[in-house]
Every structure is written in C-alpha cells, then in structure tokens.
2 protein chains.
Amino acid sequence: MKSTGNPTYRALNCYTKLMRAAETVTLRTSRQMAAAGLTISQFGVLEALLHKGPLCQRDIAAKILKSTGNITMVIDNLEKRGLVRRERDSEDRRYLTVHLTDAGSQLIETVFADVEAAIMAEMGTLSATEQEQLGTLCKKLGLNKEGRS
Amino acid sequence: MKSTGNPTYRALNCYTKLMRAAETVTLRTSRQMAAAGLTISQFGVLEALLHKGPLCQRDIAAKILKSTGNITMVIDNLEKRGLVRRERDSEDRRYLTVHLTDAGSQLIETVFADVEAAIMAEMGTLSATEQEQLGTLCKKLGLNKEGRS
DNA sequence: AAGATATAGTTTAGCGTTAAATCATTTGAT
DNA sequence: ATCAAATGATTTAACGCTAAACTATATCTT
C-alpha cells in the first residue's frame, strides 16, 4: 500500500492529510473563540452580523450553512448573554431581524481580530506562493461536479 | 481587500478555501455512510475495529479522536443494531473489549469500499502531481508548532 | 373574501460532542 | 492487608446539529 505510484494510496493519503490539516487549523483558531466563551457557531452568527449588518434568521442560517432550527437555539443563547437582540419586522411579522447589541459588537470586533491573527499565524507556515497553490488546489477540489449539493 | 498582494487577504482566502474543500469532500464521502445508516462516528468505530481487530473503548476513543463518554454512546447505538458486541475482559474487569459481529464485519467491509471509492472519485479531480502537492502543503500546515495540542 | 400555498420561525426527537462527576476495578504504597 | 491513587467505563448537563412536524403570518388564486 505504501508504493507511491499506487493511485488508491495516493488519493487516500491526500484525503487524510487534507482532513487533518483542516481539523488542526480549526482546532487552533477556535481557541480564540473559546477564550471569549464563544462556540464556532456563535462566532459565525456574530461575524455575519458584524459584516453584513442586521439579518433575519433565515439569512443567518444560509450564511453559516446551518439549519434554521439550529439557528433558533444559537441565537437564544446569544440573546441570553445580551450579545444580540431580536426585533420583529413590522412590515412582515414572520421575520425576526437579529441585531448586534453594543456588547455584542464590542465582543465580536475584538474576537474577530484575534481569530484573524490566529489564521494569519497558521497560514504563515506557508510562503505566499504556497498559500496560493493550496488555495488553487482546494478550490479545484471543491468545484468537482455539482458544487456543494 | 482584494489586492492579491495583501498578505491578510491571501491568508484568509487560503484558509477559507481549505475549510470549504474539507467540508465539501466530507459531505460527499459521508453520503456513502449515510446510505448505510451509519454516522461518521459509527463508521469510524467500525473501521477501526475492521482494521485493528477488537479494541477496548479507550483505544477506540483515541483512534477516532473523541472523548470516552461519547464512545460509550456510539457503541451503545452500534450494539443495539447488532453490529458490535462488548466483552468484559476476564483478566482486568475494567476493560470492555469491543468486537465486530458478523453482521458488523459484513456491513463495514462494503461501506468502507464505497467510501474509499468516493474518496478516489473526489481526489480524482486532481492529477497525481496535484494530489501530491496538496498532500505536502497540508502536511506542512499541520506540522506548524506543537502538533495537534 | 376564502381557501390553498408558501414562508419564517419554533419545537421535538434523536444522535453527536465535551467536560466533569461518579462507579467499578486494579495497582501501588506502606 | 489496607488504604490511596490510577484507570476504564458510565452518567449527566449543556450545547450543537438535522430532519420533520408544527405555528403564525403573508401571499396568491379564484
């Protein structure tokens, strides 16, 4: 199985390394979130609100690729901590627009900066050229067939 | 932010593509497991047992990088389906050795082959050289600093 | 205007996940 | 031999996650 010319070995090996790298980088960057008491999902929600402004839950779900049932709970927890507030849309009462509170804004701004720095540090292991190569290869991999379906 | 010479942009962009690629590939390969009614964790446990033989729960947890509390539950579910059985070690009664049943062996063998084929198909988007490049870059990324700690 | 259909959000059931507390058993120290 | 410490497994509490059923509101058809 270790013969480097073996296509099966090569593919599985590449797959394993890709997964490990993603896991490791996630683990390291998520420490910045954990340090602020935020889960990855909570960070995702706050970050979406920071960069896109107030959003309804459906849009948040789409942005972080999670189900709407889940978003209800994540936002419940953020609301309990006073980081976001829900506002019922007066035009169409089905919509709840989620807003960052001042505390939420303040928190996500600093945590986002920390996470960004952690990502930079992680990627800094690779040279500029290597980062571009990696990006290109990953993109090619993701584009395979029908997108994310 | 889109200036390609910007190191922050380059790092974040590369990070995003890496994460997306890993997610997409996981999503696609996990369909093979889902088709057999197995979750990713259940697949991990069965695969460990297939390739390493009977293991105690602690070793299984270490193999799939999950907590032992979690393994208890995953194995409960596999046991309910008759895919594995627990056997109390007669030497040291703290240990439960987990064995594949015949049904479990049969299932994991076919599902493993399917998953392997799916991984091959995914990685097949890249040429042999590209796979090796990707593997090298991912490995370099993961090796950064203190391993997985 | 009435009823069907669609949409936003919530709830529920089930699995996964961790960390921490607990139980059972074994090992080590004295 | 006894008691303390270590170790494997289980349980519990809390959060995350999905799919599916459900509620409330809005829109579309006629």
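Here the structure is a predicted model, which means the values were calculated and not measured. Proteins come first, then strands; the chains are lettered A, B, ... in the order of their sequence lines, and each starts at number 1.
Distance B/Gln57 CD to D/dT7 P: 18 Å, rounded to the nearest Å. Straight-line distance from the CZ atom of B/Arg93 to the C1' atom of D/dG8: 13 Å, rounded to whole Å. Between B/Arg94 atom CZ and D/dA5 atom C1' there is a gap of 11 Å when expressed in whole angstrom units. One interatomic measurement links the two molecules: CG of B/Leu55 to P of D/dG8, which rounds to 13 Å at whole-angstrom precision. Atom P of nucleotide D/dA26 and atom CZ of A/Arg58 are separated by 16 Å, given to the nearest angstrom.
Distance check, rounded to the nearest 0.5 Å: CD of B/Glu116 to CG of A/Leu12 gives 5.0 Å. Here the CD atom belonging to B/Glu47 is positioned 9.5 Å from the CG atom belonging to B/Leu49, to the nearest 0.5 angstrom. Here the straight-line distance linking atom CG of B/Leu134 with atom CD of A/Gln133 works out to 10.0 Å at 0.5 Å rounding. If you take CG on B/Leu78 and CG on B/Leu38, they are separated by 7.5 Å, rounding to the nearest 0.5 Å. How far CG of A/Asn13 is from CD of B/Gln131: 9.5 Å, rounded to the nearest 0.5 Å.
The backbone N or O of A/Gly104 sits less than 3.5 Å from a side-chain atom of A/Thr101, completing a donor-acceptor pair. Of the possible polar contacts, none joining the A/Arg85 side chain to the A/His99 backbone as a donor-acceptor pair under 3.5 Å is found. In this structure, A/Thr97 contributes its side chain and A/Cys56 its backbone to no donor-acceptor pair below 3.5 Å.
In summary, contact between chain A and DNA chain C, defined as any nucleotide atom under 4.0 Å from a heavy atom of the protein, begins and ends at C/dA6 to C/dT11 in the 5' to 3' direction.
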Which pairs, protein N/O on one side and nucleotides 16-19 of chain D N/O on the other, fall under 3.5 Å?
from, atom 1, to, atom 2, distance (Å)
D/dG16, OP1, A/Thr39, OG1, 2.8
D/dG16, OP1, A/Gln42, NE2, 3.4
D/dG16, OP2, A/Asn77, ND2, 2.8
D/dC17, OP1, A/Ser41, OG, 2.7
D/dC17, OP1, A/Lys66, NZ, 3.3
D/dC17, OP2, A/Ser41, OG, 2.2
D/dC17, OP2, A/Asn70, ND2, 2.9
D/dC17, O5', A/Asn70, ND2, 3.2
D/dT18, OP2, A/Ser67, N, 2.7
D/dT18, OP2, A/Ser67, OG, 3.0

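Here B/Arg86 reaches the OP1 or OP2 of D/dT10: one of its side-chain N or O atoms lies under 4.0 Å away.
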